[in-house]
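Keep in mind that the numbers below use all heavy atoms, side chains included, and drop hydrogens, waters and symmetry copies. Throughout, a chain's letter reflects where its sequence line sits, starting with A, and its residues are numbered from 1.
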Amino acid sequence: METEDDLCKNNWGGASSSSSSKRREQVCFTSQHKWEDASILDYEMGMEEEPAFQENSNNNNGGQVNVDFLQGVRAQAWDPRTMLSNLSFMEEKIHELQDLVHLMVRRNGQLQGRQEQLVAQQQQLITTDLTSIIIQLISTAGSLLPSVKHHNMSTAPGPFTGSALFPYPREANNLASQTLNNNTCEFDLPKPIVVEERESHVVEEHEMKDEDDVEEGENLLPGSYEILQLEKEEILAPHTHFCTICGKGFKRDANLRMHMRGHGDEYKTPAALAKPNKEAAPGSEPMLIKRYSCPFPGCKRNKDHKKFQPLKTILCVKNHYKRTHCDKSFTCSRCHTKKFSVIADLKTHEKHCGKNKWLCSCGTTFSRKDKLFGHIALFQGHTPAIPLEETKPSAQRGSSACDNSNNNNNTGMVGFNLGSATNAIEEVAQPGFMDGKIRFEDSFSPLSFDTCNFGGFHEFPRPMFDDSESSFQMLISSACGFSPRNGGESVSNTSL
Amino acid sequence: MKKAKQVQHMISKPFDLLSEELVFIILDLVAQSPSDLKSFSLTCKWFYQVEARHRRSLKPLRAEYLPRILTRYRNTSDLDLTFCPRITDYALSVVGCLSGPTLRSVDLSRSFSFSAAGLLRLAVKCSSLVEIDLSNATEMRDAAAAVVAEAKSLERLKLGRCKKLTDMGIGCIAVGCRKLKRVSLKWCVGVGDLGVGLLAVKCKDLRSLDLSYLPITGKCLHDVLKLQHLEELLLQGCFGVDDDSLKSLTHHCNSLKNLDASSCQNLTQRGLTSLLSGAICLERLDLAHSSSVISLDFASSLNKVSSALQSIRLDGCSVTCDGLKAIGTLCISLREVSLSKCVTVTDEGLSCLVMKLKDLRKLDITCCRKLTGVSITQVANSCPLLVSLKMESCSLVSRDAFWLLGHKCRLLEELDFTDNEIDDEGLKSISSCRSLSSLKLGICLNITDRGLSYIGMSCSNLRELDLYRSVGITDIGISSIAQGCCHLETINISYCKDITDKSLVSLSKCSMLQTFESRGCPHITCQGLAAIAVRCKRLTKLDLKKCPFINDSGLLTLAHFSQGLKQISVSETGVTDVGLVSLANIGCLQNIAAVNTRGLSPSGVAAALVGCGGLRKAKLHASLRSLVPPSLITHMEARGCAFLWKDYNNHNNSNTLQEQAELDPKYWKLQLEEDIEL
């Protein structure tokens, strides 16, 4: 636990300090720009909260603290006075806009067919205003929403907390992408860009399937390759490629390049569309082999480990990190017990879920009876679990061992809720904005939604497991997921 | 308790000087007879209490009395509930609560209507439970087995015929009860390799494992034969155990003493060789009804185990002469050989076998119809230590052979001469076997009272005598037996048509008599029966079928005196409702057969059924089925009584012919042989 704490502190400290400095910089930047006073209010809010944020993160010494932290932020975010001023401001803004459009309508009648330049200008003006209103509305709602939820469900933070808190959290997360900083000024020029890019999570995730154990047998001499170590924020970021103009993130470079075409003709050239490393490939110097290190200290995949085994690709890093160092936040919708940290694993499991009818008291399920019996023969104290429809009064066994993992699961659930809530809102929100003829998410969503996901949930301490079981990763996942339910039911049943 | 003692002191203190330990020793001796124990405990309050403290084992007749009985006998360690067909969860929880800490053994093999909940109570409360018999719990499922697994100290477990049990349940038991020593899974057809394998992996103390009729293959035997202490392995009727699955089997199960591989149809010499490869200390081998021919090759598979082997069973196998010869030379220490129903056994083969086996104690050559006096002479000459000889239906054996047998084998205890040509001279020579305890002379048409009187004069240890259809026997023979054999427990005089009440009166001297079968003895009346009923207090089985003069008065006497009666057949007698209802007075009564008893009315049968609380089986005429209220039948079935409705009608046209056939043994035998040939 101690090491983990230290780690958390370090990471928090590092990330927040750098991000905060950057944020201030941006705030200054933007406030000088067109981005009108409307949004400054928001930014000020964000700045106000920063000390609190750091304060909390510094005494972050447990899973629960993170939740407290989120709640604390939310509590601060909800201020009736601010809300009122926001609302009245928006009202004013809308009236202004209304007047402007009235004016335009009248003028349009007079100046029909003339002055196309003027029309374009007007449109842009209205778009800008509308955008700022919508942003304002969302951030206001965002500060309101979590506080409402807070009363019912303390663990589920609102989806827009992030947007209210960190207007540009992309920078906070992506320290590595330096180029973005140069173009931050572009951010406040939301353009109605129609992008062909359609992101399908399902397809993407399926392709993520890759075993980091594959290169287990690889024998590279130490030093013969270059070790890269990504920070965990990078690893957990859903997107790795970002548009330098609008900031939209992509999982693939190819998709980004497709997206870039929308930003102008200069991106449509074959050179711009070509694979970047193809140019480098014919280069005379042989590329140094790249291998990756897991940022988790003490991990076998960490470069400081005695028996360091490097990871082959970024994908391997991602899957490895999620599987081993993250909470298993995806629960199987069929059995509601088995949990996964990589969504592809969940999909694979769901294909077979229900077929695993052979159950051990430890919660592990097997698709084959002989596998279950092999498992039971191997471990002391594990018993075949009789299917529940048959069990009337089942024995109270096997439940106690896994009770302690219950709490950990709860913290894990926080992360899950964060993720799912935002996704859900994203889907719901989209059509509404579409009506407004603005591809809102193009300019905005990467900023807000992505950050929401990472409101710090990966900082939660991992559940601790018995040493005896740690060698079986699958066992662990189910050991904590399955048995509490099993135990609970059996206990209730035993009352004769 | 102390108070009671003080009270005792105050009064007369007749047993002041008698310590409890001394009384316990007396009670150990008295305990042989339940009625004596009863008298003892009724002597005085102190005796009553001492007896209650002394008794360890209980066999209650009714589950309703369990609370009272267990409150009285607080030290009960063995509880046999076989007389209580209906044991509810409540009853089990009563058992758990009242004698939880002391209880070591429970027999639920004949009981039903308990569930996992009750078993859980039992398993949790009875912390020192060592033995539990759950055989015939055909409705028991894995959930209940998982509950049984809570009895951590369990050592002996019987789960025979628990057909709904699967590997999962056995797996639970294997994990939960690590101290198991003896496990019987006979007929648990849902249990396979995995369950048995896990049992072998988890329960390292296993001594005995009964896997008969399980759908297992040789796979699990790899684990089973790794058990360090395994002594007994029963694989009867395991069709999945075949040569292929045993191919790679190598083991060093030195502890294995008893292996039963009978009726394993797919096990041939190859598989058997690997099965026996490591069992060098094997003493008993059962290969009955094996599919392979017991030839020279086959005998070679016994090479490894030949030194210690003491008993071999080859019932129903096709045995060759060479094979027997080889077994004789290989396994010289054999003491028991069973060749029952090996129709191919010849005089030569058996002679070669027994010639080598000087130590032979038991020989079973039932239905080896080719054998003649030659082999019996050889047996008599080679095996002076013979104790048991079963040679039913060896009808070619001449009369002289029996002579020699009696002269040479003086240690004989058990003899089965059913359907043989033995005559009075043979019996005379046999009578020199003083320790003879069981003699079966069924369908021996050559014997008369004279021969039987030799037996009666010298064989005072006789316990069992079978004279079924030995028509030469009359009252004189029986009375000489009754006079000389006072330990007689079982006698069958069925279809000895000359037997009258005199025999019964003389047999009533045998106070140990438990089983009395007098089916088809037309001269027997209630007076003879009364004599038996009054004096043979231990009578448990009584067959009075086709004794037309038996009527209600006989049953009334029985009901009054034979309180230990468990089984009675009054089919085709003169019994009416009154007699049948009076049987309800007998608390232990379990089986009643009353078919074609003309005096019975439906209401009388119904009353009798309701009255007999412990009834397990009722064999009645099919016509009664529709006449007895259906609700009564369901009630009886819920109490644990099974009905057998018989439909044969004795009043058809061939009635006289049949009766003739039944009473004329020669005609009957002829007809039987015809039937067999058909």
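- When each of L194(B), I170(B), D223(B) is checked for heavy-atom pairs under 4.5 Å with chain A, L194(B) comes out on top.
- Y213(B) pairs by the ring-ring contact (aromatic ring centres under 6.0 Å, His included) definition with W187(B), not counting sequence neighbours.
- For a residue to count as touching a neighbouring chain, one of its non-hydrogen atoms must lie under 4.5 Å from one of that chain's; by this rule L198(B) touches chain A with the side chain only.
- For chain A, the option among D167(B), D193(B), V201(B) with the highest count of heavy-atom pairs below 4.5 Å is D167(B).
- Heavy atoms of D89(B) lying under 4.5 Å from chain A are absent altogether.
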Handout entry: Test log, rule ring-ring contact (aromatic ring centres under 6.0 Å, His included), inputs H320(A) and H325(A)
Key = CA-CA 8 Å; H320(A) 161 77; H325(A) 309 302; 5.1 Å; yes
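- Within the 4.5 Å cutoff, no side-chain heavy atoms of I173(B) are placed close to those of L154(B).
- Here E350(A) pairs with S333(A) under the side chain to side chain donor-acceptor pair (under 3.5 Å) rule; sequence neighbours left out.
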